Amino acid sequence: MTRAPKLDFAIIGAQKSASTYLQDILTMHPEICLHAGEIAAFEDPWYHSGTSTYIDRLFDSSGKCEVRGIKRPDSLARPEVPPRLAADFPDLRLIVVLRDPVSRAVSAYFHYVRHRWIPHLQLNQGFEALLNGSLRERYSRANEILDFGNYGEHLTRYLSHFPKSSFLVISQEDLLANPALWAGRALRHVGVDATSSEVELPTRASNEGIYADARLSVARAVNGLRYEYDATSRLRLRRRFSV
């Protein structure tokens with residue numbers, strides 16, 4: 001008898017809100033298999049119903065993983081993702097980490113500059129271009145910087161596909177102030193019997209942003225050598241000859 005694909009939980013966002021930090025914490029628990037990196041399969045332009053099988057192949061085929069999870073912060077804001085997740089994994093547990101929308105947008109702006117999705121403009125100039133629409137017209141992903149902060153809209157969309165009990169919503173401020181407490185709650189939410197005192201914490205920060213202009217210019221140049229960008233599909237593809 002063929003075993004049905006298994007996925008227990010997903011960290012779905014929000015972008016630039018310490019979801020990678022939470023991922024690092026949960027990965028340290030022995031009962032959890034949380035796939036490294038981000039899984040963008042459910043927003044893939046070529047998505048099809050067999051994606052659940054692909055997700056299953058990401059994990060140990062022996063079935064030793066008691067609780068399986070994936071992370072993709074963009075998933076919260078992508079309208080195509082909730083129905084796809086619900087169709088493949090209707091009992092999925094969802095974790096959302098939210099950040100003050102203004103500080104999140106600023107962090108996202110520098111992140112998009114770093115990865116060459118938008119030009120390298122000074123912050124005030126860049127946000128003026130975002131607000132008047134000129135940056136959005138020329139760069140296909142620029143709209144995400146502000147739109148990804150519309151948490152109410154995105155969560156409402158998810159609630160049309162999943163019951164409220166499926167969600168654990170955490171603020172970034174609370175998570176960073178008391179990571180053991182909130183990691184313990186996240187573990188229990190996904191079905192792991194753990195108290196906050198048992199939670200191991202990473203010894204370093206996760207996925208820190210780059211804000212200094214000189215460092216940002218260097219990181220941007222390196223990413224230009226490593227990747228090529230497809231504006232239509234939103235994909236970033238590793239170049240064949242990377243540094």
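Only a predicted model underlies this, so the values are computations on that prediction, with no experimental measurement involved. Atom set for the values below is all heavy atoms of this structure, side chains included, hydrogens, waters and symmetry mates excluded.
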Check each of V96, I11, I12, I39 against S75 using the side-chain contact (heavy atoms from CB on, under 4.5 Å) test, and report the only one that passes.
-> I12

For a side-chain contact (heavy atoms from CB on, under 4.5 Å) with L92, tell me which candidate from V190, D8, L7 qualifies.
-> L7

Side-chain heavy atoms under 4.5 angstrom apart, residues restricted to Ile, Leu, Val, Met, Phe, Trp, Tyr: same cluster for M28 and W182?
-> no

Joint cluster assignment, V169 & Y151, ILVMFWY side-chain distance < 4.5 Å = yes

Please check if the side chain of [X] supplies one atom and the backbone of [Y] the other of a donor-acceptor pair under 3.5 Å.
{"X": "R220", "Y": "V113", "result": "yes"}
{"X": "Q23", "Y": "H35", "result": "yes"}
{"X": "H115", "Y": "W117", "result": "no"}

Specify whether F89 and F42 have parallel, tilted or perpendicular ring planes, treating 30° as the upper limit for parallel and 60° as the lower limit for perpendicular.
-> perpendicular

Can you say whether the rings of Y158 and F167 are parallel (under 30°), tilted (30 to 60°) or perpendicular (over 60°)?
-> perpendicular

Atom of [X], atom of [Y] and distance for their closest heavy-atom approach:
{"X": "G126", "Y": "Y109", "answer": "CA-OH, 3.4 Å"}
{"X": "A77", "Y": "F148", "answer": "CB-CD1, 3.3 Å"}
{"X": "I118", "Y": "A142", "answer": "CG2-CB, 3.8 Å"}
{"X": "S17", "Y": "R104", "answer": "OG-CG, 3.8 Å"}
{"X": "H189", "Y": "S165", "answer": "CE1-O, 3.6 Å"}
{"X": "A105", "Y": "L146", "answer": "CB-CD2, 4.3 Å"}

Taken to the nearest 0.5 Å, the spacing of I145 CD1 from R136 CZ works out to 8.5 Å

Under the side-chain hydrogen bond (donor to acceptor under 3.5 Å, both in side chains) test, residues paired with N150 that sit two or more places apart | none

Is a side-chain donor-acceptor pair under 3.5 Å present for H154 with R157?
-> yes

Intermediate values then yes/no, side-chain contact (heavy atoms from CB on, under 4.5 Å), R78 and E144 = CA-CA 10 Å; R78 301 295 302 174; E144 297 173 355; 3.9 Å; yes

Apply side-chain contact (heavy atoms from CB on, under 4.5 Å) to F9 and L26, showing your working.
-> CA-CA 11 Å; F9 73 95; L26 298 185; 4.1 Å; yes

Run the salt bridge (charged side-chain N to carboxylate O under 4.0 Å, His left out) check on R141 and D74 step by step: do they pass?
-> CA-CA 12 Å; R141 296 197 60 176; D74 289 17; 3.3 Å; yes

Within 6.0 angstrom of E153 CD, more than 12 heavy atoms from elsewhere | yes

